[in-house]
Amino acid sequence: QAQLVESGGGLVQPGGSLTLSCAISGKRLDPYTMAWYRQSPRKQREWVAEISGGMMPSYDESVKGRFTISRDNRKNIVSLQMNNLKPEDTGVYYCQGKLDATVYWGQGTQVTVSS
């Protein structure tokens, strides 16, 4: 079993930046697609970005050009660099690892964008 622990959330003003980290333990997830999701109040959890085992990133249109996902398989960490943050980016951000039918989730970290 793998454990995923997110960190790096917090309160930031509009236009600011944050970097989220997802630390993986218990099992190597090198071939897994690693993704970030977010959930804001009264909304369903939504996909934000992902990076494949082959290091191919993809992004939701709402964050393209502002967010960058990366992974370091030696350190077993997945990161999400978030720039030019907007109030609509507010939510709990979750890390996910997925390979075929196997899915792992972290507990989430809160990101609040507000002046």
Side-chain angles (χ1 to χ4, degrees):
Q1 285 283 58
Q3 291 79 45
L4 279 58
V5 178
E6 302 93 337
S7 62
L11 173 63
V12 63
Q13 292 187 340
S17 298
L18 281 176
T19 300
L20 305 183
S21 295
C22 173
I24 304 162
S25 62
K27 180 177 179 176
R28 297 202 64 83
L29 299 186
D30 297 8
Y32 283 59
T33 292
M34 300 302 299
W36 287 94
Y37 285 72
R38 66 187 177 194
Q39 186 167 17
S40 54
R42 299 176 296 280
K43 289 182 67 175
Q44 288 188 334
R45 192 173 296 188
E46 60 180 7
W47 174 79
V48 174
E50 69 181 39
I51 185 165
S52 69
M55 300 295 186
M56 290 295 292
S58 56
Y59 302 92
D60 182 79
E61 284 297 322
S62 65
V63 306
K64 194 174 290 185
R66 301 187 296 122
F67 290 12
T68 302
I69 189 170
S70 61
R71 66 191 297 169
D72 186 335
N73 288 337
R74 290 177 300 174
K75 296 181 179 179
N76 245 7
I77 291 176
V78 179
S79 299
L80 185 68
Q81 172 69 43
M82 305 185 295
N83 298 325
N84 191 22
L85 283 160
K86 304 176 181 180
E88 52 263 42
D89 294 318
T90 294
V92 179
Y93 282 69
Y94 297 91
C95 180
Q96 182 206 60
K98 182 176 180 181
L99 180 65
D100 298 327
T102 302
V103 181
Y104 298 105
W105 287 97
Q107 293 299 307
T109 185
Q110 176 71 45
V111 172
T112 303
V113 185
S114 175
S115 55

How far apart are the C-alpha atoms of V5 and S7, what are their side-chain angles, what is the distance that settles it, and do they pass the side chain to side chain contact (heavy atoms under 4.5 Å, CB included) test? CA-CA 7 Å; V5 178; S7 62; 5.7 Å; no

Do L29 and V78 touch side chain to side chain, with heavy atoms closer than 4.5 Å? no

Drop me the distance from L20's CG to C95's SG, to the nearest 0.5 angstrom. 9.5 Å

With rounding to the nearest 0.5 angstrom, report the NZ to OG distance, K64 to S58. 8.5 Å

Scanning both residues in full, the closest heavy-atom pair of R45 with Y37 reads CG-CB, 3.7 Å

Can you tell me if CE on M55 sees more than 12 non-hydrogen neighbours from other groups inside 6.0 Å? yes

Do M34 and L99 share a hydrophobic cluster (ILVMFWY, side-chain heavy atoms under 4.5 Å, transitive)? yes

Taking atom CD as the centre, does Q1 end up with more than 12 heavy-atom neighbours from other residues, nucleotides or ligands that are less than 6.0 angstrom away? no

Gap between atom CD1 of I51 and atom OG1 of T33 - 0.5 Å precision: 9.5 Å

Side chain to side chain contact (heavy atoms under 4.5 Å, CB included) between L4 and Q96: does it pass, once the steps are laid out? CA-CA 8 Å; L4 279 58; Q96 182 206 60; 5.5 Å; no

So OG1 of T102 and NZ of K27: to nearest 0.5 Å the spacing works out to 6.0 Å

Does any part of the side chain of N76, heavy atoms only, come nearer than 4.5 Å to the side chain of D30, both counted from C-beta? yes

To check you understand the geometry: which heavy-atom pair defines the closest contact between P57 and I69, and what is its length? CB-CG2, 3.8 Å

Residue pair P14 / S114: nearest heavy atoms and the distance that separates them: CD-C, 3.6 Å

Strictly by modelled atom types, are Q13 and S115 linked by a side-chain donor-acceptor pair under 3.5 Å? no

Hey, any chance V92 and W105 share a hydrophobic cluster, counting ILVMFWY side chains that come within less than 4.5 Å of each other, even indirectly? yes

Would you say the side-chain atoms of Q81 pair up with the backbone N or O of T19, donor to acceptor, closer than 3.5 Å? no

Nearest heavy atoms of C22 and W36, plus distance in Å: CB-CZ2, 3.7 Å

Heavy-atom closest contact (E46 atom, K43 atom, distance): OE1-NZ, 4.0 Å

Assign the ring pair Y32 / Y104 to parallel, tilted or perpendicular, where the plane angle (0 to 90°) is split at 30° and 60°. tilted

Taking atom CG of L18 and atom CE of M82, what is their separation to the nearest 0.5 Å? 4.5 Å

So, for S17 and N83, which heavy atoms are closest and what is the spacing to 0.1 Å? OG-OD1, 3.0 Å

Run Q110 and L11 through side chain to side chain contact (heavy atoms under 4.5 Å, CB included) and show every step you take. CA-CA 8 Å; Q110 176 71 45; L11 173 63; over 6 Å; no

Y94 side, atom OH; Q39 side, atom CD - distance, nearest 0.5 Å: 5.5 Å

Measuring only between side-chain heavy atoms, which start at C-beta, is L80 closer than 4.5 Å to R38? no

Looking at side-chain heavy atoms only, is the closest gap between K86 and V113 below 4.5 Å? no

R71 side chain to S52 backbone, donor-acceptor under 3.5 Å: yes

Please answer whether the main-chain N or O of T109 pairs with a side-chain N or O of E6 as donor and acceptor at a distance below 3.5 Å. no

